[in-house]
Amino acid sequence: MLDQRFDPAASEAQIYQRWEEADCFKPSGDTSAEAYSIVIPPPNVTGVLHMGHALNNTLQDILIRYHRMTGKNVLWQPGTDHAGIATQMVVERQMAESGSNESRASLGREAFVERVWEWKEESGGQIIGQLKRLGASCDWSRTAFTMGEDGSDDDQMVRAVRKVFVDLYNDGLIYRAKRLVNWDPHFQTAISDLEVENKEVAGHMWHFKYPLAGGATYTYVEKDEDGNVTLEEERDYISIATTRPETMLGDGAVAVHPSDERYASIVGKLCEIPVGPKEHRRLIPIITDEYPDPDFGSGAVKITGAHDFNDYQVAKRGNIPMYALMDERGAMRSDGAPYAEVAETAGRIARGQESFDEATITAMNLVPDEYRGLDRFEARKQVVADITAEGLAVMVTDEEGNVIPLVEDKKVMQPFGDRSGVVIEPMLTDQWFVDAETLAKPAIEAVKTGKTRFVPENWEKTYFNWMENIQPWCVSRQLWWGHRIPAWFGPTLRDDQVPSGKTPAADRLADDQYAKTIFCAESLAEAIAQAQRYYGDDFHVFCDDSKPSGYSTSHIGGTKPHWVNLSQDPDVLDTWFSSGLWPFSTQGWPDAKGNEDLKTFFPGSVLVTAFDIIFFWVARMMMQGIHFMGEVPFKDVYIHALVLDEKGQKMSKSKGNAIDPLELIDEYGADALRFTMAAMAAQGRNVRLSKQRVEGYRNFSTKLWNAARFCQMNECANWDGALDPATLTQPVNQWIVGELAKTGAEATTAIEEYRFDGAAGAAYRFIWNIFCDWYLELIKPLLNGEDEAAKAETRRTAGWVLDEILKLLHPFMPFVTEALWEQLGEDGPKREGFLMLEAWPSYGDAFGNDAAAEEMDWVIDLVTEVRSVRADLGVSPGSKVPASLVNASETNAARLGRHGEVISRLARLEGLGVVEETPAGAVTTVVDEALLALKIADIIDIGEAKARLTKEIASLEKDVTGIEKKLGNENFVSRAPADVVEENRQRLADGKERLEKLKGAEARLAQL
RNA sequence: GGGCGGUUAGCUCAGCGGUAGAGCACUACAUUGACAUUGUAGGGGUCACAGGUUCGAUCCCUGUACCGCCCACCA
């Protein structure tokens, strides 16, 4: 006998364990069956399950369980992501909080990475355990990790990443270059555009005067739209606006628009940056460029190529030096020669007296001595104060007549690191870039031609929009935790050290300055071999890590053989670089190219993810998948919503509004949480989660449990396989199997179309509102009756339908359904195996039975009508009311004969029969063509009864008039589809007939 | 600035060219017969607004307003 209710806490873990031990999650291995595969979006290895994971993995598990039941060879590939920055951050924070004096720096690279591995081992299983609690049916024996230990037995991921990197490098799709990149001063690494969040913050715009060199002056004229002069004055300066005064120190020019007449006379002249020691004020040229907008501010823009993305482009076009001002912490530089010396050089460059190369410019620290070492925001304050003190701020008169510096309060968009939260600094650094534009082309094409399909479709636009404007992807990170970049740098050799026929000095100046001294290879040995071939036999190549005996730096340039010391790039790759390989790296690539798993499970059937990750991950997988496998990595991309709190806010720990899915599982069970996720997963929407909703679906599972209990008590739980609808004789049984078949079809279609809410809703409605509310009530008389054949048939049908329900519901509520499957099986023939491995139901047309459906609908309508009347008129619920059906049709009279008992029971009626005359003292209501007379006139308030009728008549009359009007419209009758017209005619006829009867009832009531 | 989405019952949301729906909340009633994690009944909507297309618009089109989100961005 089933317990009173299902106890998720006690049962779920145990059920899960049994599935796992029986290898239920592994692919069937039946290669004759269609393969169905999903790769999990790998959660951070050190992460904990949050609501987003719960939604994402519930939906995947529903698909996986469904397709497994349809007999496919199913793989849900699990794994975790090493999550470079995030994980490194966690470990660093732990060290900081531990109170020990350890830090990343004190530990050193090797020990620190070792520490991260330890942490990974310690916490890496946690999230997997949590996914198991959710019921995720991944094949855990294949759990993958985006990293691996170089040189260990488990280095396949390392080899995959290296191969990808080296191949792309050899194809010219990865290159190293000095570019302006987003620099995170907290983590002291470059990050990609996607990892930058632009936020609007309150800022200021300062206006400063850049005096013309040598005290030169010009006539500054402003005109209005009509060409009338509004301002004319002699100026010895050009006015510049800036929100970042500290970057003035690195200005290389002032730019104006070529059409800007105000400044035409001073273009080509020099002006002075109004900051720094007076005797070494730097002069910079006034140039023209299309970039400045003459209508904004003064129309003149300072150009700081090394600290602003727009300026960078201008500087590149105009060959303006880009002076880097800050160090990796975002503080003003304190390296290099004293300011006076450097400023002198810069001055000569500005006057065109000295040529310059990138390396020279990079080495120059133009931060005046008094600002060196200051934090960038400190430096900003200083610069503003110094300029203002010197009287070089643009002044205005305020409302009270005071002359004050012009400082506008202004909302400015500021870039922040998405992980660190600090202000990102554009920095000129050497980084590795992927030529995303080239890789994006086939990835765009694949979606255009439908090889990969987005569901819902509108996400394609987002994808296209981004892919079509894609920028080079900066993939190097100055971190320690990650895939080390497989590139080794050779030394820069003096001219007399250069191998014959090679010209490194020239190479250095070229755009691909490093190309000839970089050795990109899948292993150190290969890199050394490459270098050896490059340098020739006169050189002996080795690497830092393996200093050969007899090595001495003095040998360089000395007697042969010369020593060439390679050192590996210290940087690691962006986490997403390896995540992008996930669909094939998890299947053993590159080792297993051509092996069964890769052939069988790549490409994946669908990728399930949230929209916030389309760019980060989906796009990268598309690019890398197509490039390396020659095929799209998945056929469908299902984009689901984000989980928000009840108020529509993004859940986050810091806001304190996060609901912990594990707590919900503890409280309501995994099934309830899963069902909630499915029911709320309407496409293209956010999911607002409330506990109440979860509670409601927990109640649903209890409802199912109790329905099963009822079946069991009534010996309906005997499981005996198939059911032939043709053998059914009872309308109620014929009807329920038809309803079940409809539900099954609806759920199947919905899942196939990724409408999880539709599938969940269909199951919910059928189980609660049809099976429990009606079917189980309707069969009670049969189960308690004398007709043994009918009883047997009903038991069999109820038992069968219950089993089918368990199957249909299983992908959504795997635990409670599996528990019921097992426990109900104890009453009947022994079940062979797990519910999760049963076949997904597919019902033929044979299950539909229109006549039975119509008959049962009539019964249900009748009962509902009586209940409504009783409730409205305040008839006490317990009392049995004498009732009869007046002037019923033959059909309905027959139906009453078959169902009178159950109707009487459900509607609390007695003496229910067919009569020709309305009995005295009866209140009547209309059911179909007949009047239903209830002898209650003496126990109710006639006024209320009348009011009820009046209301119904009014509402019906409104309907009827509406339809009459419609049918009276010539255009409607001639132009609307015939079936619509016919349907309206029928409705009108029915309405009128009913109206007449209601009016009759009203009249009769008036006589009482 | 560009793009995407939203506006339907008190709340959260489905829906859809032809009769406006669910869950929760609310109201009333019911209590040993599977289930109070329940049952029965009920109230509650100018489907944001304005035009247009159509025999017919909550639905399609255009515009407006407001609300989200994404991308870009003026120094």
Side-chain angles (χ1 to χ4, degrees), chain A residues 2 4-6 193-194 198 205 207 240-244 247 254-255 291-293 295-304 308-311 314 410 412-413 456 458-459 461-462 464-466 469 611-612 614-615 642 644 646-648 650 668 672 679-680 682 684-690 692-693 695-714 755 757-758 761 764-765 769 772-773 776-777 780 784 863-864 867-872 874-878 906-908 959 962-963 966 969-977 979-981 983-984 987 991:
Chain A
L2 292 172
Q4 282 264 317
R5 58 182 66 89
F6 179 59
D193 299 348
L194 288 176
N198 290 301
M205 188 148 78
H207 298 257
I240 302 288
T242 180
T243 54
R244 303 197 50 198
T247 65
V254 167
Y291 165 61
D293 174 2
D295 296 326
F296 185 85
S298 69
V301 184
K302 66 193 226 33
I303 301 301
T304 319
D308 182 281
F309 286 96
N310 288 309
D311 294 6
V314 178
K410 195 172 185 273
V412 291
M413 287 302 263
N458 57 301
W459 291 107
K461 283 199 176 182
T462 307
F464 289 140
N465 185 44
W466 190 70
N469 296 295
F611 62 78
D612 59 344
I614 292 178
F615 304 146
L642 249 35
L644 306 176
E646 289 145 295
K647 293 177 200 128
K650 212 165 167 171
Y668 302 110
M680 298 181 83
R685 284 290 210 146
N686 294 325
V687 171
R688 292 197 192 188
L689 186 79
S690 71
Q692 253 181 352
R693 191 95 191 231
E695 190 183 338
Y697 290 123
R698 188 275 318 270
N699 294 353
F700 171 59
S701 103
T702 306
K703 185 76 182 175
L704 171 68
W705 186 267
N706 279 292
R709 228 169 138 246
F710 171 83
C711 289
Q712 191 185 43
M713 287 171 176
N714 287 281
R755 287 185 291 106
D757 58 323
Y764 183 95
R765 282 189 299 274
N769 303 122
C772 291
D773 287 352
L776 294 185
E777 295 303 327
K780 280 177 183 172
N784 299 327
V863 171
T864 306
R867 284 172 173 172
S868 178
V869 170
R870 293 180 62 126
D872 282 353
V875 177
S876 87
L906 295 181
R908 311 283 301 169
D959 272 7
I963 302 169
K966 196 183 254 191
N969 182 342
E970 184 65 28
N971 281 325
F972 174 72
V973 179
S974 61
R975 299 198 193 191
D979 57 329
V980 173
V981 177
E983 188 191 319
N984 275 281
R987 269 179 59 209

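Below, all heavy atoms of this structure are taken into account, side chains as well, without hydrogens, waters or symmetry copies. Because the structure is predicted, anything quoted here is derived from the model rather than measured. Note on naming: letters A, B, ... go to the chains in the order of the sequence lines (proteins, then strands), and numbering restarts at 1 for each one.
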Atom [atom1], compared across [N] and [M]: separation rounded to whole Å:
N     : M     : atom1 : answer
B:G18 : B:G44 : C1'   : 25 Å
B:G43 : B:A20 : P     : 15 Å
B:A48 : B:G6  : C1'   : 11 Å
B:A14 : B:A22 : P     : 16 Å
B:C16 : B:U58 : P     : 16 Å
B:C70 : B:A75 : C1'   : 25 Å
B:G51 : B:U12 : P     : 29 Å
B:G56 : B:U37 : C1'   : 46 Å

Under the 3.5 angstrom rule, does the side chain of [X] hit a backbone N or O of [Y] as a donor-acceptor pair?
X      : Y      : result
A:R870 : A:R908 : yes
A:Q712 : A:L2   : yes
A:N706 : A:T702 : yes

Rounded interatomic separation in angstrom, taking [atom1] from [X] and [atom2] from [N]:
X      : N     : atom1 : atom2 : answer
A:Y697 : B:C13 : OH    : P     : 13 Å
A:N198 : B:G2  : CG    : C1'   : 15 Å
A:I303 : B:A75 : CD1   : C1'   : 8 Å
A:L642 : B:U12 : CG    : C1'   : 17 Å
A:L194 : B:C71 : CG    : P     : 8 Å
A:Q712 : B:A34 : CD    : P     : 13 Å
A:N769 : B:A22 : CG    : P     : 9 Å
A:E983 : B:G17 : CD    : C1'   : 13 Å

Seminar exercise, completed: Ordered by number, residues from residues 700-707 of chain A within less than 4.0 Å of RNA chain B (heavy atoms) are A:T702, A:K703, A:N706, A:A707
Identify whether any heavy atom of [X] sits under 4.0 Å from a base atom; if not, whether one sits that close to sugar-phosphate; answer base, sugar-phosphate or nothing.
X      : value
A:T462 : nothing
A:R244 : nothing
A:G299 : base
A:D295 : nothing
A:C711 : nothing

Please determine, for the side chain of [X], which listed nucleotide ([options]) has the closest atom?
X      : options             : result
A:R975 : B:A75, B:U54, B:A41 : B:U54
A:R693 : B:A75, B:U12, B:U37 : B:U12
A:F611 : B:A75, B:G5, B:C69  : B:C69
A:D757 : B:A14, B:A72, B:G18 : B:A14
A:N458 : B:G18, B:A41, B:G5  : B:G5
A:M713 : B:A34, B:A25, B:U19 : B:A34
A:R709 : B:A41, B:A75, B:C35 : B:C35
A:F615 : B:C71, B:A34, B:C69 : B:C71
A:P877 : B:C4, B:C29, B:G18  : B:C29
A:R867 : B:A75, B:C69, B:A41 : B:A41

Under 4.0 angstrom between [X] side-chain N/O and [N] OP1 or OP2:
X      : N     : answer
A:N699 : B:U38 : yes
A:K780 : B:A34 : yes
A:K461 : B:C71 : no
A:S298 : B:A75 : no

In Watson-Crick or G-U wobble terms, both distances under 3.5 Å, what is the partner of [N]?
N     : value
B:G45 : none
B:C59 : none
B:U7  : B:A65
B:U32 : none
B:U19 : none

Which atom of [X] lies closest to which atom of [Y], heavy atoms considered:
X      : Y      : result
A:L194 : A:W466 : CD1-CZ2, 3.7 Å
A:R867 : A:L906 : NE-O, 3.5 Å
A:F710 : A:K780 : CE1-CE, 3.5 Å
A:Y697 : A:A679 : OH-CB, 3.4 Å
A:M205 : A:F296 : CE-CZ, 4.2 Å
A:V301 : A:P292 : CG2-CB, 3.7 Å

For this session: Could you tell me how the ring of A:F700 sits relative to the ring of A:Y764: parallel (under 30°), tilted (30 to 60°) or perpendicular (over 60°)?
Result: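 The rings of A:F700 and A:Y764 sit tilted, inter-plane angle from 30° to 60°.
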Exercise. What pairs with A:D308 under side-chain contact (heavy atoms from CB on, under 4.5 Å), at least two apart in sequence or on another chain?
Worked result: A:N310, A:D311
Exercise. Between the base of B:A34 and the side chain of A:E777, is there a donor-acceptor distance below 3.5 Å?
Worked result: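 Flag set: donor-acceptor pair detected.
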For this session: Report yes if a donor N or O on one partner sits less than 3.5 Å from an acceptor N or O on the other, where the partners are the side chain of A:R698 and the base of B:U37; otherwise report no.
Result: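 Yes, a donor-acceptor pair under 3.5 Å.
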For this session: Give the C-alpha distance, both sets of side-chain angles, the deciding distance and a yes or no for side-chain contact (heavy atoms from CB on, under 4.5 Å) between A:R709 and A:R5.
Result: CA-CA 9 Å; A:R709 228 169 138 246; A:R5 58 182 66 89; over 6 Å; no
Problem set entry | Residue mapping more 5' on RNA chain B - nearest nucleotide basis, A:D959 or A:I240 | A:D959
Problem set entry | Along RNA chain B (nearest heavy atom to each residue), the more 5'-positioned of A:D773 and A:D293 |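 Of the two residues, A:D773 wins.
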